[in-house]
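Here the structure is a predicted model, which means the values were calculated and not measured. Heads up: numbering here begins at 1 and tracks the sequence.
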Amino acid sequence: TPSNLARDACPRRATPPSPITNLTFGRSYVDWLAVIPAEIKAIAYGHGIYVAILDDSSSTYCYSSDGITWHSGSFGSSGDRRCICYGNDRFICPRFNTNIVDWSYDGMQWNTATLSSARSWQACGYGNGYYLCASGSNTWAYSHDGKNWSDFNTGVASGAYKWTDICYGNGTWVATI
């Protein structure tokens with residue numbers, strides 16, 4: 001299982017307004033409300049593409065190669081998706097309250113894999129050769145390839161937290177609530 005999972009006092013983060021609007025990057029201007037059909041739950045970048053998960057429990061997501069011009073795509077089946085991450089040359093996106101994870105090499109053609117158990121998957125991340133999915137219980141899932149998954153116990157009290165983000169850096173996994 002992934003080592004060095006930070007279990008003690010997890011940092012809390014301020015909640016930014018959602019959806020993010022009127023971002024300025026140099027000379028580019030993005031008005032998210034004008035180009036994305038629903039609020040964004042999560043976004044990831046990899047393989048030269050941004051993929052945004054929408055807050056509408058449908059099969060629709062949005063993707064962009066430049067972060068300015070957006071297109072809609074379909075996972076192929078509906079479901080509540082709350083997180084997405086990229087690593088090891090693929091995106092993963094677990095479905096909330098199921099044992100299904102969507103995965104893609106390019107962010108446009110999606111496949112499904114089976115997680116080890118159905119849980120309230122809330123956050124996901126990639127680091128140190130592992131994909132990690134956090135649930136509202138003390139049982140999380142990990143995978144080396146995004147297709148074959150195993151459970152592990154975090155040691156955190158079951159149902160104690162609503163995880164919002166997971167990241168890996170400097171030899172340590174950190175999860176926020």
Side-chain angles (χ1 to χ4, degrees), residues 1-20 38-47 50-59 61 75 77-105 107 110-177:
T1 63
S3 60
N4 300 326
L5 178 66
R7 293 187 181 137
D8 296 326
C10 291
R12 295 185 181 266
R13 68 179 177 127
T15 304
S18 181
I20 300 170
E39 289 187 18
I40 297 172
K41 280 190 183 176
I43 192 166
Y45 178 82
H47 198 70
Y50 296 93
V51 179
I53 304 305
L54 305 180
D55 188 19
D56 64 359
S57 296
S58 73
S59 63
Y61 65 93
F75 285 106
S77 62
S78 62
D80 187 0
R81 296 165 179 90
R82 298 188 177 192
C83 60
I84 186 169
C85 71
Y86 181 84
N88 196 25
D89 202 32
R90 74 186 57 157
F91 292 92
I92 66 138
C93 184
R95 297 184 201 175
F96 189 73
N97 284 335
T98 72
N99 66 338
I100 299 171
V101 62
D102 297 296
W103 65 270
S104 172
Y105 290 116
W110 291 86
N111 304 286
T112 60
T114 302
L115 289 156
S116 46
S117 58
R119 304 234 179 246
S120 58
W121 304 112
Q122 301 169 344
C124 59
Y126 180 81
N128 199 30
Y130 290 98
Y131 295 95
L132 193 61
C133 292
S135 75
S137 74
N138 59 356
T139 303
W140 291 10
Y142 70 96
S143 172
H144 288 285
D145 61 10
K147 299 178 194 176
N148 301 293
W149 292 85
S150 299
D151 283 346
F152 76 98
N153 188 304
T154 63
V156 176
S158 182
Y161 302 106
K162 179 182 179 232
W163 303 102
T164 57
D165 289 304
I166 302 174
C167 69
Y168 180 85
N170 200 26
T172 302
W173 283 94
V174 175
T176 59
I177 53 175

Between Phe152 and Trp140, is any pair of side-chain heavy atoms under 4.5 Å apart? yes

Side chain proximity check, Cys124 to Cys93, heavy atoms < 4.5 angstrom: no

Look up atom CD1 in Ile92 and atom SG in Cys83, then write down how far apart they are to the nearest 0.5 Å. 6.5 Å

Show the nearest heavy-atom pair for residues Asn88 and His144, with the distance to one decimal. ND2-O, 3.3 Å

Do Tyr168 and Tyr130 make a side-chain contact, defined as non-hydrogen atoms from C-beta onward lying under 4.5 Å apart? no

Check: Thr164 and Gln122 side chains under 4.5 Å, non-hydrogen atoms: no

Spell out, as yes or no, whether a donor-acceptor pair under 3.5 Å connects the side chain of Tyr131 to the backbone of Gly87. yes

Using the ring-ring contact (aromatic ring centres under 6.0 Å, His included) criterion, which residues pair with Phe75? Sequence neighbours excluded. Tyr61, Trp110

Between CG of Asn99 and CZ of Arg119, what distance do you get to the nearest 0.5 Å? 10.5 Å

Heavy-atom closest pair (Ser143 atom, Gly146 atom, distance to 0.1 Å) is OG-N, 2.7 Å

Output the distance between atom CD1 (Ile166) and atom SG (Cys85), rounded to the nearest 0.5 Å. 8.0 Å

Closest non-hydrogen contact found for Ala141 with Leu115 is CB-CD2, 4.1 Å

His47 versus Tyr105: any side-chain heavy-atom pair under 4.5 Å? no

What's the shortest heavy-atom distance between Trp103 and Thr112, and which atoms? NE1-O, 3.7 Å

Does the side chain of Asn170 pick up a donor-acceptor pair with the side chain of Thr172 at under 3.5 Å? no

Between Trp121 and Arg82, is there a donor-acceptor pair closer than 3.5 Å when you use the side chain of the first and the backbone of the second? no

Measuring only between side-chain heavy atoms, which start at C-beta, is Cys133 closer than 4.5 Å to Trp149? yes

For residues 94-104, which residue pairs qualify under salt bridge (charged side-chain N to carboxylate O under 4.0 Å, His left out), counting only residues two or more places apart or in two chains? Arg81-Asp102, Arg95-Asp102

In Å, rounded to the nearest 0.5 Å, how long is the span from CG of Asp89 to OG of Ser104? 10.0 Å

I'd like to know if the side chain of Ser116 pairs up with that of Asp151 as donor and acceptor (distance under 3.5 Å, no hydrogens or angles considered). yes

Pair Arg90-Asp145, side chain to side chain contact (heavy atoms under 4.5 Å, CB included): steps then yes or no: CA-CA 9 Å; Arg90 74 186 57 157; Asp145 61 10; 3.8 Å; yes

Measure from the side-chain N and O atoms of Ser135 to the backbone N and O of Ser120, and report whether any donor-acceptor pair falls under 3.5 Å. no

